[in-house]
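Positions are given from 1, in the same order as the sequence printed here. Remember, it's 1-based here, ligands and their atoms both numbered in the order they're listed. Computed from a predicted structure; not experimentally measured.
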Amino acid sequence: MSDRPLNLKDSSEFALHDESRQGEALIIERPKQYSGRKLYIESYGCAMNFADSEIVASLMLDMGFETTAQYKEADVIFINTCSIRDNAEQRVRNRLREFSAAKKKRPGMTIGVLGCMAERLKSKFLEEEKLVDIVIGPDSYRDLPNLLSQADEGMRGVNVLLSREETYADISPVRLNSNGISAFVSIMRGCDNMCSFCVVPFTRGRERSRDPESIIREATELFEEGYREVTLLGQNVDSYQWEDRLNFAGLLELVAQIDPLLRVRFSTSHPKDITDEVLHTMNTYDNICNHIHLPVQSGNSRVLELMNRTYTREWYLERIDTIRRLIPECSISTDMIIGFCTETEQEHQDTLSLMDYVKFDFAYMYTYSERPGTLAAKRFEDDIPEEVKTRRFNEILKMQQACSLHRLEQHIGKIHRVLIDGFSKKSNQDFSGKTEHNITVVFPTNENNKRGDYVNVAIVRCTPATLIGQIIN
Ligand code: SAM
Ligand code: SF4
Ligand code: F3S
């Protein structure tokens, strides 16, 4: 495999990555030199980052590490970071301060910064955070053995090479903090879309799809181990393409065919790319969950153009109407950015009116946070005052709460097939599980059922975010 770097390391001051070693199967040939040493790994950001931590854990276990839930007793602390908004980065910096204090008491400890913030800041991290030893970007995890042995010799290391090919397809993730029922399966990496607000294309590099055989193998193994739900992950799953023979609809079908008892979910769909073929495939297989996460970002076409989302309000609404026509029971969720550069009151009202029309089942809502290096940071002024962003955010939140409640209430009186994923947070007398719409349902336990079972639940009432019901025969 030849990796073509898009983004070379930056400073000669630190132990640097040896480019010729990219793609080598470093782990397999190494003795377990770290037997008995403990790894603590903490993850921030999107599901893809959490899935990456499971790949990192797999690489580390191969080297002999065992994981611990106590960072103070760890030999290596990894923090897998997110750069999507400024506050995501601040959380990481605060956490690093706590880790650094632990390292002062345990000088042999190695602290590594992984993921998107590592990629964005590169060796600047080592300058800014004196107690960080390793900075490693999302496409360079195979280089961990090198960087760790350099750290053992007292050298601090950076590898932030991005790759056009790396998908870690051959690595079996170690499931961290798993309920043993649901797992993420990455089907692609990177993003080619260049939405003007977004840092992801810079931190994750070019889009590439993972080979389907390895995806099917991973999902099949999960099913055989007792997992009952896989979520296929990518920043833009609809542009999954393997050579000229398999698109996302085809992949979805292959995963759905593994077993009718394996639920299949996917995220994230891009409104410009989601096809009717995918909707038809969802309809064909009962085990493909009727839920689509379709981030709209704004309800106004001028703002969408500034965001470089490449669709209009009308296009988005047409996609919604088509989903509702083809899959009437489908739940739809979204992401929204509030107070993007130059957004007027009327444009904000357009977002509210779009929400009122669609009535999303749930939504992730964010005030705009300018990210250095993005197209928006270069081209537009972040000119909406914080208090205006906050006021608009609260209006959007209020609207979404009303929409979520409206959608939840529609389930009352219905019977849903629920996959039990554990006990409710409040009581061991109640099970908790998910409907195919990705809605949590809480209902009394019984002796016959356990985690991983499907049960039919009659929905009797709801709270603002949860359905309450009872198992029926
Ligand atoms: N790939 C997905 C898509 O196209 O919608 C989403 C990826 S991003 C990890 C998740 C969400 O973060 C975005 O949908 C957007 O709402 C939000 N986001 C991204 N950049 C942001 C920024 N600069 N400020 C606020 N929210 C942002
Ligand atoms: Fe970011 Fe847009 Fe790519 Fe999503 S599609 S990751 S918002 S650039
Ligand atoms: Fe954050 Fe990177 Fe995901 S910026 S949202 S962790 S792709």
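Crowding of K72 atom NZ: a count of heavy atoms from other residues, nucleotides or ligands under 6.0 Å not exceeding 12.
Shown here for E253 and Y285, the closest heavy-atom pair between the two residues is OE2-OH, 2.6 Å.
With salt bridges taken as basic N to acidic carboxylate O contacts below 4.0 Å, one links R391 and E345. Note on R206 versus D139: no salt bridge recorded, every NZ/NE/NH1/NH2 to OD/OE distance being 4.0 Å or above. Taking 4.0 Å as the cut-off between side-chain N and carboxylate O, E166 and R189 do not count as a salt-bridged pair. With respect to E386 and K389, a salt bridge is recorded, a charged nitrogen being found less than 4.0 Å from a carboxylate O. Salt-bridge annotation for R302 and D350: absent, with no side-chain N of the basic residue lying under 4.0 Å from a carboxylate O of the acidic one. Using a 4.0 Å cut-off between charged nitrogen and carboxylate oxygen, D86 and R91 do not count as a salt-bridge pair. Using a cut-off of 4.0 Å between Lys/Arg side-chain N and Asp/Glu carboxylate O, K434 and E229 are scored as not salt-bridged.
Between the side chain of N300 and the main chain of R313, no donor-acceptor pair closer than 3.5 Å is present. Formation of a donor-acceptor pair under 3.5 Å by the Y168 side chain with backbone atoms of Y141 is found in this model. At distances below 3.5 Å, not a single donor-acceptor pair connects side-chain atoms of R175 with backbone N or O atoms of A183.
Protein neighbours of ligand 2 below 4.0 Å, counting non-hydrogen atoms: C191, N193, M194, C195, F197, C198, V200, P201, Q235, H270, R309.
When each atom of ligand 1 is checked for a heavy atom of R371 under 4.0 Å away, the hits are 23 (N). Taking a cut-off of under 4.0 Å to the non-hydrogen atoms of I84, the atoms of ligand 1 that pass are 8 (S), 9 (C), 12 (O), 18 (N), 19 (C), 20 (N), 21 (C), 22 (C), 23 (N). Using a 4.0 Å cut-off to heavy atoms of S369, the atoms of ligand 1 that qualify are 22 (C), 23 (N), 24 (N), 25 (C). For ligand 3, the atoms sitting less than 4.0 Å from at least one non-hydrogen atom of Q235 are 7 (S), numbered in the order shown with element in parentheses. Using a 4.0 Å cut-off to heavy atoms of Q297, the atoms of ligand 1 that qualify are 5 (O), 13 (C), 14 (O), 15 (C), 16 (O).
Within the structure, the closest approach of N236 to ligand 1 does not fall below 4.0 Å when heavy atoms are considered. Residue contacts with ligand 1: V199 is excluded, as none of its non-hydrogen atoms falls under 4.0 Å.
Of all protein N, O or S atoms, those under 2.8 Å from atom 3 (Fe) of ligand 3 number 1.
Using a 4.0 Å cut-off between heavy atoms, C46 makes no contact with ligand 1 at all. Of all the heavy atoms of T367, the ones lying under 4.0 Å from any atom of ligand 1 belong exclusively to the backbone. Residue contacts with ligand 1 for F197 involve both N, CA, C or O and side-chain atoms from C-beta outward (heavy atoms, distance under 4.0 Å). Residue contacts with ligand 1 for E370 are absent, since no atom lies close enough (heavy atoms, distance under 4.0 Å).
For the residue pair S404/Q400, the side-chain donor-acceptor check at 3.5 Å is satisfied. Side-chain polar atoms of T203 and E119 form no donor-acceptor pair below 3.5 angstrom.
Taking Y357 as the reference, L317, D321 meet the side-chain contact (heavy atoms from CB on, under 4.5 Å) condition, with sequence neighbours excluded.
Here atom 12 (O) of ligand 1 lies nearest to R85 when heavy atoms of M365, Q235, M336, R85 are compared. Nearest-residue assignment for atom 3 (C) of ligand 1 (options M48, R309, H293, R204; heavy-atom criterion): R309.
Residue pairs meeting the side-chain hydrogen bond (donor to acceptor under 3.5 Å, both in side chains) criterion with at least one member in residues 367-378, sequence neighbours excluded: E89-R371.
Looking only at heavy atoms of the protein, atom 11 (C) of ligand 1 is closest to D335 OD2, 3.4 Å.
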